[in-house]
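Okay, so here's the structure we're looking at.
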Amino acid sequence: MLRSFPFLRQDVAASLVVFLVALPLCLGVAVASGVPAELGLITGIVGGVVTGLMRGSSLQVSGPAAGLTVLVLEAVRSFGLAALGVVVLVAGMLQIAMGLLRWGRWFRAISLSVVEGMLAGIGLVIIAGQLYAAAGIPAPDSGLGKLTGLPGALAGALGSPTALASLAVGAGTVLLIVGWRRVPHRARAVPGALVAVLLAALATAVFGLPVETVRVSGVLEAVHLPGSEALSSLADPALLGTVVAFALIASAESLFSAAAVDRLHSGPRTDYDKELVAQGAGNTLCGLLGALPLTAVIVRSSANVEAGARTKASRILHGVWLLLFVALLPAVLAYIPLAALAGILVHAGWKLIPFKGVMTLWRRHRGEAFVLVATAAAIVSVGMFEGVLIGLVLSVGKAAWEASHLRIEQSDDGRDVVRVRLQGTVTFLRLPQILDSLEALPSDRRVVLDLSGVHHLDHACRAALEAWAERHSGADAEAVRADTAPNRREDAAAASVSSSH
């Protein structure tokens, strides 16, 4: 058997590590999304067993992700839990279609600033929302409301013994996860998040803390197959917009995660189109079961690589261990404090915010830093889908502005000729700058317009240069002359800014 599976021992060991990492995260993401905790485990099982079996990325691990928490919560509040399965189902089918059409590679063209801004905005909303959950008090619906109402909510919680106990459990969870990196290397084989949850459950039981725990209804009871009423909701344009948001954001997050995981190992590279099909197949099944959407998750994937996984058997086995846990030990969930899961999500949300990346961008590419911050702010203040769209528009606008980079130089030969040299891309975005420079020239001087450094001249600028040349020339046909490089004679002729003026 070992000859048939030469890496079985490494893959089994890695799968156990990934299982221990995934278990508390599956529960935490589900609770934060406003759905039964069991649905998070179902999504983790599907991500391991179904998506894990398919081709695409060999070592990437899928499951419920903190990055979709905000979108899922908004969808459940807007359309109800019954409609969630339909949204995930259709989003999965859309992912499969995009993969079969070989659109996977195009997701790599999305600006990294938009993706990081999206994650930063999600992280802020998660942190704010889970601080309310850690205190055991209801959170406002909007992201902006969560942030602005946080000081007052925490101040009020200080006067409640129940809220203080819950906050202490959540804070202890965060501190243990952060400090776990300092323990001996062998002890770190057990994930800090799992240790924190176990200790929180033990403390709650031993000291009788007035802390709310996970509500368990059974896995089969939590499954909601889409009914005819839920399917009829697809006629709602708002729900279709949510479907598109799920598909695009889940796909982008999965494929960016795949690129990151590929840098961590020397094994086979990811086939982006096949990975998109695999993610779509997993989400289609999750939708049929009424569970959470899945994406590739960098936390689990990096843990898989670091634990020594060699083949996709490790991610499949992690799904098997989740399935066995659900089948054999479901009652254990009832002992887990919600505040501990909130602490795990606070830590996960904090890791989504690229603090170092923002500072690096600000020093080197301030335009990219602006796109990142604006995307995050839009997600917090407006919403997930709208925020991502705003980020994409800003990114495209920035690219268009930079593509139209233009340099204008003037030189005077000391006689009656002024030489104006244009270098770069001449588009309508720079037209005001060009006309201001040309119209400021003395009307009684001849002008040589040097276009040899122009890469592209659009129609608007061509027409504007023609009109300016006619005005400046007047009765003197030689007042304006265009100079071009030998290989750009055709462009000069097209511009009609020539010695004929």
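Atom NE2 in His318 sits 9.5 Å away from atom CG in Leu23 (nearest 0.5 Å). Taking CG of Leu175 as the reference point, atom NE2 of His347 lies at 10.5 Å (rounded to 0.5 Å). Remark: Leu202 CG to Leu198 CG distance equals 8.5 Å, nearest 0.5 Å. Annotation: the span from Ile353 atom CD1 to Leu372 atom CG amounts to 10.5 Å, rounded to 0.5 Å. The line from CD1 of Ile137 to CG of Leu167 is 7.5 Å long, rounded to the nearest 0.5 Å. Taking CG from Leu119 and CD1 from Ile298, the interatomic distance works out to 11.0 Å, rounded to the nearest 0.5 Å.
Of all heavy-atom pairs spanning Val76 and Ser33, the tightest one is CG2-O, 4.2 Å. The shortest non-hydrogen separation linking Gly104 to Tyr272 is C-CB, 4.1 Å. Val297 and Ala65 get closest at one heavy-atom pair: CG2-CB, 4.0 Å. Looking at every heavy atom in both residues, Ala135 comes nearest to Ala157 through CB-CB, 4.2 Å. Residues Thr173 and Ala196 approach most closely at CG2-CB, 3.7 Å, considering heavy atoms. Between Cys286 and Leu292, the closest heavy-atom pair is CB-O, 3.5 Å.
Using a 4.5 Å heavy-atom cutoff, the side chains of Leu288 and Leu89 are in contact. Side-chain contact between Thr213 and Ile336 is absent, with no heavy atoms from C-beta onward closer than 4.5 Å. Residues Leu392 and Val388 have side chains in contact (heavy-atom distance under 4.5 Å, counting atoms from C-beta outward). In this structure, the side chains of Leu338 and Val211 stay at 4.5 Å or more apart for every pair of heavy atoms. Inter-residue side-chain proximity for Leu323 and Val49 is flagged as unmet; no heavy-atom pair is nearer than 4.5 Å. Val21 has its side chain out of reach of Leu194: every pair of non-hydrogen atoms, C-beta onward, lies at least 4.5 Å apart. When side chains are defined from C-beta on, Leu81 counts as touching Val35, because their heavy atoms get closer than 4.5 Å. With a 4.5 Å cut-off on side-chain heavy atoms, Thr375 and Ser113 do not count as touching.
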Determine whether Cys26 and Arg300 satisfy the following criterion, side chain to side chain contact (heavy atoms under 4.5 Å, CB included), listing intermediate values before the conclusion. CA-CA 11 Å; Cys26 289; Arg300 276 163 253 185; 4.0 Å; yes
Could you walk me through whether Val197 and Leu27 pass the side chain to side chain contact (heavy atoms under 4.5 Å, CB included) test, one step at a time? CA-CA 11 Å; Val197 168; Leu27 298 173; over 6 Å; no
Before you tell me yes or no, could you show the steps for Gln60 and Ser257 under side-chain hydrogen bond (donor to acceptor under 3.5 Å, both in side chains), namely the whole-Å CA-CA distance, both residues' side-chain angles and the distance that decides it to 0.1 Å? CA-CA 8 Å; Gln60 183 164 250; Ser257 173; 3.0 Å; yes
Carefully, step by step, assess Thr295 and Phe246 under the rule side chain to side chain contact (heavy atoms under 4.5 Å, CB included). CA-CA 10 Å; Thr295 71; Phe246 268 74; over 6 Å; no
Passes side chain to side chain contact (heavy atoms under 4.5 Å, CB included), Leu73 versus Val70? Steps please. CA-CA 5 Å; Leu73 186 61; Val70 177; 5.8 Å; no
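Judged purely by atom type and a 3.5 angstrom limit, Asn283 has no side-chain atom pairing as donor or acceptor with the backbone of Val88. Judged purely by atom type and a 3.5 angstrom limit, Glu275 uses its side chain to pair as donor or acceptor with the backbone of Ser57. Counting only distance, with no hydrogens or angles, the side chain of Ser254 and the backbone of Ala296 share a donor-acceptor pair below 3.5 Å. Between the side chain of Arg315 and the backbone N or O of Gly52 there is at least one donor-acceptor pair closer than 3.5 Å. Side-chain atoms of Arg102 do not come within 3.5 Å of backbone N or O of Asp273 as any donor-acceptor pair. With Ser395 contributing its side chain and Gly391 its backbone, the two residues share no donor-acceptor pair below 3.5 Å. For the pair Lys146 (side chain) and Pro140 (backbone), a donor-acceptor distance under 3.5 Å is present. In this structure, the side chain of Thr242 engages the main chain of Ala238 through a donor-acceptor pair within 3.5 Å. Distance alone, capped at 3.5 Å, is enough to place a donor-acceptor pair between the Tyr132 side chain and the Leu150 backbone. Judged by distance alone, the side chain of Ser166 and the main-chain N or O of Thr162 form no donor-acceptor pair under 3.5 Å.
By the 6.0 Å contact criterion, CZ on Arg269 is enclosed, its count of non-hydrogen atoms from other residues, nucleotides or ligands being greater than 12. The neighbour count for Phe79 CZ, taken as heavy atoms of other residues, nucleotides or ligands under 6.0 Å away, is above 12. Other residues, nucleotides and ligands place no more than 12 heavy atoms under 6.0 Å from the CZ atom of Phe370. For His365, the NE2 atom counts as loosely surrounded, since its 6.0 Å shell holds 12 or fewer non-hydrogen atoms of other residues, nucleotides or ligands. Atom CE of Met54 is surrounded by more than 12 heavy atoms from other residues, nucleotides or ligands within 6.0 Å. More than 12 heavy atoms of other shown residues, nucleotides or ligands fall within 6.0 angstrom of atom CZ in Arg77. Around the CH2 atom of Trp103, the shell of radius 6.0 Å holds no more than 12 heavy atoms that belong to other residues, nucleotides or ligands.
Scanning for ring-ring contact (aromatic ring centres under 6.0 Å, His included) contacts around Phe355 gives Trp350, with sequence neighbours left out.
Evaluation of the salt bridge (Lys or Arg N to Asp or Glu O under 4.0 Å) test over residues 322-331, restricted to residues two or more places apart or in two chains, returns none.
Using modelled atom types, one finds a donor on one side chain and an acceptor on the other under 3.5 Å when comparing Ser251 with Gln95.
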